[in-house]
Amino acid sequence: MLPIIECRGVSKAFVLRSNRQFLFKDRVLGLVRPHLRETAERFWALQDVNITVDPHEAFAFIGPNGAGKTTLFRIIAGIFQPTAGSVLVRGRIAPLLSLGIGFHPELTGRENIYLSAALFGLTTPEIRALEGAITEFAELGDFIDAPIKNYSSGMHLRLGFSIAAQLQPDIFLLDEVLSVGDEHFQQKCLRRLEQERLAGRTFVVVTHSLGFVEETCDRAALLMNGRVVALGSAKEVTRRYRELVAREGGGVRGAPAPRFPAPAKRADVRAPGEGG
């Protein structure tokens, strides 16, 4: 069975600038005052990441803030392009990386349903067929016809998750987004994710809750300073992370979280254009 996600030698660099000079007089001053000159430094957020994720698997990325987890997620989702290396994804992705990503603030919630679903590759008739189920799940009432810019963070979550869930993707990318919103909708989302897990969907998550990783995920990768320093079973990798943090005198969060049921077996996921 082919991996559903393959990261081969993925590296990502960002340019960090200081003393940004937007005006002509600033550039002139920089000629005579070296400490005022604009400088640029390359920062490597990821370096030579090699990871594969199998179909039906629940896979977690863990590590401290700034380790490169969200950057890697955005590369997998196609939001960023790697500076070096490649990522191959065999299936449709539902990226829940940040609230309202891809939403247009001036459009209404209903209009953003069409915009977001179109970005997933759906046609207008296909979106129209799903519109009722999306609005019902989101429970936004009359706010569905209000501009997104007037939504709270919880309302963004409701709409974003509702769109992703109804599209029945092969892969869910979850980056701590369910920590936002009211308890009722969090539980509703978890129940829906349990259904998707039973249906054999693949889950890739970023979280600081090591208890969640141990109870929910099959495998995990530990990132530190943009590199993978541990890769294996969820329990083994979280144990390794705790050891590293304890050695440095810190602490990690390990609160338990609801457990997904074991996945049901299903046919191999194929890349667009592959046979069958």
Side-chain angles (χ1 to χ4, degrees), residues 4-5 53 55-56 70 73-81 87-178 180-182 185-186 188-206 266-267 269-274 276:
I4 197 168
I5 298 174
V53 179
H56 325 303
T70 298
F73 256 40
R74 295 190 175 199
I75 291 175
I76 293 173
I79 299 170
F80 291 165
Q81 291 297 313
V87 175
L88 176 62
V89 178
R90 297 181 173 92
R92 175 185 287 174
I93 287 181
L96 292 170
L97 308 184
S98 60
L99 300 177
I101 191 166
F103 286 164
H104 192 296
E106 299 297 332
L107 299 180
T108 67
R110 192 181 305 277
E111 291 167 336
N112 271 287
I113 289 174
Y114 282 80
L115 174 62
S116 297
L119 293 176
F120 279 101
L122 272 67
T123 64
T124 299
E126 290 173 329
I127 302 170
R128 190 175 294 119
L130 294 173
E131 180 184 349
I134 293 172
T135 56
E136 180 180 356
F137 191 95
E139 299 179 356
L140 291 174
D142 292 338
F143 281 101
I144 194 66
D145 292 309
I148 284 285
K149 65 182 180 182
N150 296 328
Y151 281 22
S152 66
S153 60
M155 294 167 73
H156 274 95
L157 168 63
R158 285 172 177 265
L159 186 59
F161 185 91
S162 301
I163 294 171
Q166 295 301 328
L167 295 179
Q168 296 184 335
D170 302 299
I171 307 162
F172 281 92
L173 298 183
L174 304 171
D175 187 0
E176 296 278 19
V177 292
L178 296 185
V180 181
D182 59 82
F185 197 74
Q186 284 184 26
K188 185 176 181 179
C189 290
L190 287 170
R191 289 193 297 270
R192 181 55 183 260
L193 291 176
E194 289 174 356
Q195 295 172 5
E196 298 293 340
R197 182 86 167 113
L198 285 170
R201 311 289 184 217
T202 301
F203 285 83
V204 185
V205 303
V206 159
R266 63 176 183 140
V269 179
R270 300 178 185 272
E274 291 188 1

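The figures that follow rest on heavy atoms only: side chains count, while hydrogens, waters and symmetry mates do not. Predicted model only: the values in this text are computed from it and were never measured.
- Closest non-hydrogen pair, R192 versus A165, comes out as NH2-O, 3.1 Å.
- Taking 4.5 Å as the limit, every side-chain heavy atom of N112 sits out of range of all side-chain heavy atoms of Y151.
- For CZ of F137, the number of neighbouring non-hydrogen atoms (other residues, nucleotides, ligands) closer than 6.0 Å is greater than 12.
- Of all the heavy atoms in L193 and F203, the pair that sits closest is CD2-CE2, 3.4 Å.
- Between F185 and A138, the shortest heavy-atom contact is CE1-O, 4.3 Å.
- Shortest non-hydrogen contact noted between I134 and Q166 is CG1-CG, 3.5 Å.
- Counting only distance, with no hydrogens or angles, the side chain of S116 and the backbone of I113 share no donor-acceptor pair below 3.5 Å.
- Here F103 contributes atom CZ and L115 contributes atom CG; the two are 8.5 Å apart, rounded to the nearest 0.5 Å.
- Taking each heavy atom of T108 and D145 in turn, the nearest pair found is CG2-O, 3.4 Å.
- The line from CG of D175 to OG1 of T70 is 3.5 Å long, rounded to the nearest 0.5 Å.
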Using side chain to side chain contact (heavy atoms under 4.5 Å, CB included), reason through I163 and L130 one step at a time and then give a plain yes or no.
CA-CA 9 Å; I163 294 171; L130 294 173; over 6 Å; no
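- No donor-acceptor pair closer than 3.5 Å links the side chain of R197 to the backbone N or O of T202.
- Evaluation of the salt bridge (Lys or Arg N to Asp or Glu O under 4.0 Å) test over residues 127-139, restricted to residues two or more places apart or in two chains, returns R110-E131, E139-R158, E139-K188.
- R201 is listed as a side-chain neighbour of Q168, based on a closest heavy-atom distance under 4.5 Å.
- Between F73 and L174, the closest heavy-atom pair is CE2-O, 3.5 Å.
- With rounding to the nearest 0.5 Å, the separation of CZ in F143 from CE in M155 is 5.0 Å.
- Checked against side-chain contact (heavy atoms from CB on, under 4.5 Å), I93 has the following partners two or more places apart in sequence or in another chain: I76, V89, P95, I171, L173.
- Contact check for I148 versus H104: no side-chain heavy atoms found under the 4.5 Å cut-off.
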